[in-house]
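In each ligand, atom 1 is the first atom listed, and ligand 1 is the first ligand listed. When reading the values below, keep in mind they use all heavy atoms of this one structure, side chains included, and skip hydrogens, waters and symmetry mates.
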Amino acid sequence: MSNRYSESRIKAIMAQHKTGFSKKLGQNFLTDYNVIQDIVYGAEIGEEDHVIEIGPGIGVLTVACADHAGLVTAVEIDKKLIPILQKTVEDYDNVEIINEDILKTDIEELCRQAKEKHEALKNVKIVGNLPYYITTPIIMKLLEGNVPAESITIMMQKEVADRLTASPGKKVYGAITAAVQYYCTIDTIVQVPAECFVPKPKVDSTVLRLNIRKEKPVELKDEKLFFDVIKAGFSQRRKTLLNCLTGFKGMGKEEMSEFLKGIGIEPGRRAETLSLQEFADIANSIIDR
Ligand code: SAM
């Protein structure tokens with residue numbers, strides 16, 4: 001079982017179908033059975049779950065998910081991989097394949113249709129070994145679109161995972177950190193060295209489980225304004241919060257400085273030191289001003 005998808009086997013399958021690994025589409029396929037199992041157990045997949053898999057490739061992770069899930073919907077952009085994928089899942093009656101760009105897929109509609117057809121499905125769990133070139137857009141599409149999922153268990157470049165899990169004060173804490181931590185709590189599932197893929201990528205990877213919060217961690221009067229404050233705060237990384245926020249909502253330097261001091265935030269701090277609550281305080285107080 002452990003060498004079911006060894007490097008040589010995957011290369012042979014690709015050669016047999018006269019296709020190569022597309023660098024542009026981020027095709028680095030998993031060859032390590034233990035990592036595949038770690039993802040499936042990390043995602044806590046059970047028979048009441050509808051799993052949406054992003055980028056199934058030739059289906060290594062797909063079948064592992066299908067062994068536990070009620071239904072797996074696998075969304076793969078590359079037309080050339082579809083016949084291979086179909087072959088991989090031929091013995092499974094709980095896998096459906098969609099040949100589409102995940103960024104254009106109506107995920108809410110997918111979930112609704114699945115629930116209509118399969119009454120036993122209770123939760124949606126998103127899983128994927130993501131194409132690195134669009135990791136952030138995919139995560140933000142899922143979170144901002146409020147997809148009805150309980151969790152998102154995904155492999156990404158280690159540096160991106162470090163950024164998402166950073167706490168305030170860390171150098172890698174950025175706008176994306178604050179945004180993702182607003183929507184989710186995060187668990188690290190497993191670190192994955194580059195040797196676990198074919199072809200071998202230049203970077204190591206990490207699997208995170210993003211647990212979508214049922215209740216948001218801060219109270220907001222205007223969610224969009226909160227994200228605008230975060231974006232403005234991180235607009236020039238080496239500058240102080242005061243410099244980054246000067247001009248925001250028409251407030252001059254002097255006015256912004258007084259405003260920040262008034263709500264207990266030192267204007268000389270940098271955005272990466274602010275907690276979600278402090279970003280929320282700024283946004284909420286701008287409305288009350
Ligand atoms: N899940 C497989 C595995 O673990 O071996 C493949 C993972 S590979 C890193 C990423 C996969 O995502 C590739 O199969 C690639 O073709 C697919 N992909 C890339 N961009 C995509 C997109 N926009 N929508 C859906 N799939 C995409």
For this session: Compare every heavy atom of Glu76 with every heavy atom of Asn99, then report the nearest pair and how far apart it is.
Result: ND2-O, 2.9 Å
Problem set entry | Aromatic plane relationship, Tyr41 with His68 - under 30° parallel, 30 to 60° tilted, over 60° perpendicular | perpendicular
Problem set entry | Sequence-distant partners of Asp38, salt bridge (Lys or Arg N to Asp or Glu O under 4.0 Å), two or more places apart | none
Quick one: side chains of residues 248-266, donor-acceptor pairs under 3.5 Å with protein atoms, not counting sequence neighbours, listed by atom name and distance.
unit_1, atom_1, unit_2, atom_2, d
Lys253, NZ, Asn243, OD1, 3.0
Glu255, OE2, Arg289, NH1, 3.2
Glu266, OE2, Gly268, N, 3.4

Problem set entry | Near ligand 1, at a heavy-atom separation below 4.0 Å: residues by chain and residue number | Leu25, Gly26, Gln27, Asn28, Phe29, Leu30, Glu53, Gly55, Pro56, Gly57, Val75, Glu76, Ile77, Asp78, Leu81, Glu100, Asp101, Ile102, Asn129, Leu130, Pro131, Tyr133, Ile134
Problem set entry | Validation row, ring centre Tyr182 to ring centre Phe227 under 6.0 Å | yes
Problem set entry | salt bridge (charged side-chain N to carboxylate O under 4.0 Å, His left out) pairs, two or more places apart, involving residues 126-140 | none
